[in-house]
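Below you'll find the structure, written out as structure tokens, and then a few comments.
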Amino acid sequence: MSPETMVNDITGLLEVWVAGWAGCRSYRTSSEGRFPAALRSDTSGEWEFFASDPTDTEFAVLAAKTAEVPARGLTILTNDLARYSELARQHGLNVTSDTQAMMIVDMETQDAEDPWLSDDDLSLAASEQDGVHYAEVRSGDALAASGRVYVVGDTAVFDKIITEPAFQRRGLGSFIMRALAAQAFGHDVQTGLLLASLDGQKLYSHLGWTTVSRVLMLSASRDGADLSLS
């Protein structure tokens, strides 16, 4: 499916992203109505529900399921943050994050060659396990940057792109993305998808990615924790 087609079907895009994100993290998936859900077995141990611009009735059902357990999350893809923030308040949910974005790229615009490191003190290790492709940059024994990608059909879903604080502002985020793209091109991929933090959006925009939807994350928890980045 081309990026242009996917952008016109945000619910379909969400389903592909959840499948890839869950694949990257070995999460079990299910569904609630017409929307996907994933069991965050390595963090909260609870379900996270996902929806794109749900109706008021659909939102009420998802909010009720989310509110049953404080550790559960509800993630909404929408460009109407105000509407769903107000619905969340009405249903007793709290906003844990409203700054992230779903981003997409045409993989034909991405570098297909294995990247190289200009710093001799750094080394790249690439690996694959259970369909998940990993890339790590190390400085000696210290981890400098890392990320992973999982292919769903013809879509590469990127996840956990992290540069450690001591190694930031050295271009390693871009390097990891290129290293993962090179691995993804071992499959017949057309599209890239990811969920980006506020800082990440600057990096990915520089690499040619575009925002297709804002992301609103909700929970019944009152501690303000952003479960999305863990």
Query raised in the report: What heavy-atom pair brings Arg214 and Thr99 nearest, and what distance separates the two atoms?
Result: NH2-O, 3.1 Å
Query - Stepwise side-chain contact (heavy atoms from CB on, under 4.5 Å) check, Glu48 with Leu74 - result: CA-CA 6 Å; Glu48 183 166 355; Leu74 172 57; over 6 Å; no
Requested in this report: Taking the side chain as every heavy atom from C-beta outward, state whether Leu62 and Phe49 have any atom pair closer than 4.5 Å.
Outcome: yes
Query - Gln183 to Ala126 - nearest heavy-atom pair and separation - result: NE2-CB, 3.7 Å
Query raised in the report: When rounded to the nearest 0.5 angstrom, what is the spacing between CG in Leu13 and CE in Met102?
Result: 5.5 Å
**Report entry** Tyr27 with Val69, same ILVMFWY side-chain cluster at under 4.5 Å
**Finding:** no
**Report entry** Side-chain touch Pro54/Tyr84, heavy atoms, less than 4.5 angstrom
**Finding:** yes
Query raised in the report: Is it true that a side-chain atom of Thr109 and a backbone atom of Asp106 form a donor plus acceptor pair closer than 3.5 Å?
Result: yes
Query raised in the report: Sub-3.5 Å donor-acceptor pair from the side chain of Thr191 to the main-chain atoms of Thr155, do we have one?
Result: no
Query raised in the report: How long is the span from the OG atom in Ser174 to the CD1 atom in Ile161, to the nearest 0.5 Å?
Result: 11.0 Å
Query raised in the report: Is Ser197 reaching over with its side chain to a backbone N or O of Gly200, donor-acceptor style, under 3.5 angstrom?
Result: yes
Query raised in the report: Under a 4.5 Å cut-off applied to non-hydrogen side-chain atoms, are Ile176 and Val137 in contact?
Result: yes
Query raised in the report: Does the side chain of Arg34 come within less than 4.5 Å of Thr11's, by heavy atoms?
Result: yes
Query raised in the report: Got a salt bridge between Asp53 and Arg83, using NZ or NE/NH1/NH2 to carboxylate O under 4.0 Å?
Result: no
**Report entry** ring-ring contact (aromatic ring centres under 6.0 Å, His included) between Tyr150 and Trp21, intermediate numbers included
**Finding:** CA-CA 7 Å; Tyr150 187 90; Trp21 175 75; over 10 Å; no
**Report entry** Shortest non-hydrogen contact from Gly45 toward Leu39
**Finding:** O-CD1, 3.7 Å
Requested in this report: Show your working on side-chain hydrogen bond (donor to acceptor under 3.5 Å, both in side chains) between Glu164 and Gln168 and close with a plain yes or no.
Outcome: CA-CA 6 Å; Glu164 300 302 325; Gln168 291 177 357; over 6 Å; no
**Report entry** Closest heavy-atom pair and its distance - Ser52, Ile10
**Finding:** CB-CG2, 3.8 Å
Query raised in the report: Side-chain contact, heavy-atom cut-off 4.5 Å: Val215 with Ile76?
Result: no
Query raised in the report: Given side chains that start at C-beta, do those of Leu122 and Arg170 come closer than 4.5 Å, heavy atoms only?
Result: yes
Query raised in the report: Would the His91 and Phe59 ring centres measure less than 6.0 Å apart?
Result: yes
Query raised in the report: If only atom types and distance count, is the side chain of Arg148 paired as donor or acceptor with the main-chain N or O of Ala135 below 3.5 Å?
Result: no
Query raised in the report: Is any side-chain heavy atom of Leu194 less than 4.5 Å from a side-chain heavy atom of Met177?
Result: yes
Query raised in the report: Do Leu207 and Leu117 belong to the same hydrophobic cluster, where Ile, Leu, Val, Met, Phe, Trp and Tyr are linked whenever their side-chain heavy atoms lie under 4.5 Å apart, directly or via other members?
Result: yes
**Report entry** SB check Arg25 Asp159 (cutoff 4.0 Å)
**Finding:** yes
Report summary line: Smallest heavy-atom separation, Ala156 atom then Ala184 atom, equals CB-CB, 3.9 Å
**Report entry** hydrophobic_cluster_shared for Leu87 and Val61, side chain cutoff 4.5 Å
**Finding:** no
Report task. Determine, stepwise, if the pair Val151 / Val157 fulfils side-chain contact (heavy atoms from CB on, under 4.5 Å). Result -> CA-CA 6 Å; Val151 176; Val157 179; over 6 Å; no
Query raised in the report: Any sub-3.5 Å donor-acceptor pair from Gln201's side-chain atoms to Ala196's backbone N or O?
Result: yes
Report task. Hey, could you give me the CD/CG distance between Glu136 and Leu143, rounded to the nearest 0.5 Å? Result -> 5.5 Å
Query - From Tyr134 atom OH to Glu128 atom CD, the distance as rounded to the nearest 0.5 Å - result: 8.5 Å
Report summary line: Rounded to the nearest 0.5 angstrom, the OG-NE2 distance for Ser127 and His133 is 9.5 Å
Query raised in the report: Ignoring hydrogens and geometry, is there a side-chain-to-backbone donor-acceptor pair from Thr211 to Met103 under 3.5 Å?
Result: no
Query raised in the report: Sub-3.5 Å donor-acceptor pair from the side chain of Arg40 to the main-chain atoms of Thr43, do we have one?
Result: no
Report task. Check step by step if side-chain contact (heavy atoms from CB on, under 4.5 Å) holds for Glu68 and Trp47. Result -> CA-CA 11 Å; Glu68 289 175 0; Trp47 288 95; over 6 Å; no
Query raised in the report: Ignoring hydrogens and geometry, is there a side-chain-to-backbone donor-acceptor pair from Glu32 to Phe35 under 3.5 Å?
Result: no
Query raised in the report: Between Gln100 and Leu198, does a side-chain contact (heavy atoms from CB on, under 4.5 Å) hold up when you go through it step by step?
Result: CA-CA 6 Å; Gln100 296 194 62; Leu198 199 57; over 6 Å; no
Query raised in the report: Taking all non-hydrogen atoms of both residues, which atom of Ser85 and which atom of Val95 are closest, and how far apart?
Result: OG-CG2, 4.0 Å
Query raised in the report: Sub-3.5 Å donor-acceptor pair from the side chain of Ser139 to the main-chain atoms of Ala142, do we have one?
Result: no
Query raised in the report: Is it true that Glu113 and Arg178 have a side-chain N and a carboxylate O under 4.0 angstrom from each other?
Result: no
Query raised in the report: Measuring from Leu216:CG to Leu93:CG, what's the distance to the nearest 0.5 Å?
Result: 9.5 Å
Query raised in the report: Is there a path of hydrophobic side-chain contacts, each under 4.5 Å between heavy atoms of I, L, V, M, F, W or Y residues, that connects Ile162 with Val132?
Result: no
Query raised in the report: Aromatic ring centroids of Trp17 and Phe50 under 6.0 Å?
Result: yes
Query raised in the report: With a 6.0 Å cut-off on ring centres, are Trp116 and Phe175 close enough?
Result: no
Requested in this report: Determine whether Phe158 and Leu180 make a side-chain contact, defined as any pair of heavy atoms from C-beta on separated by less than 4.5 Å.
Outcome: yes
Query raised in the report: Short question: side chain of Ser219, backbone of Arg72 - any donor-acceptor pair under 3.5 Å?
Result: yes
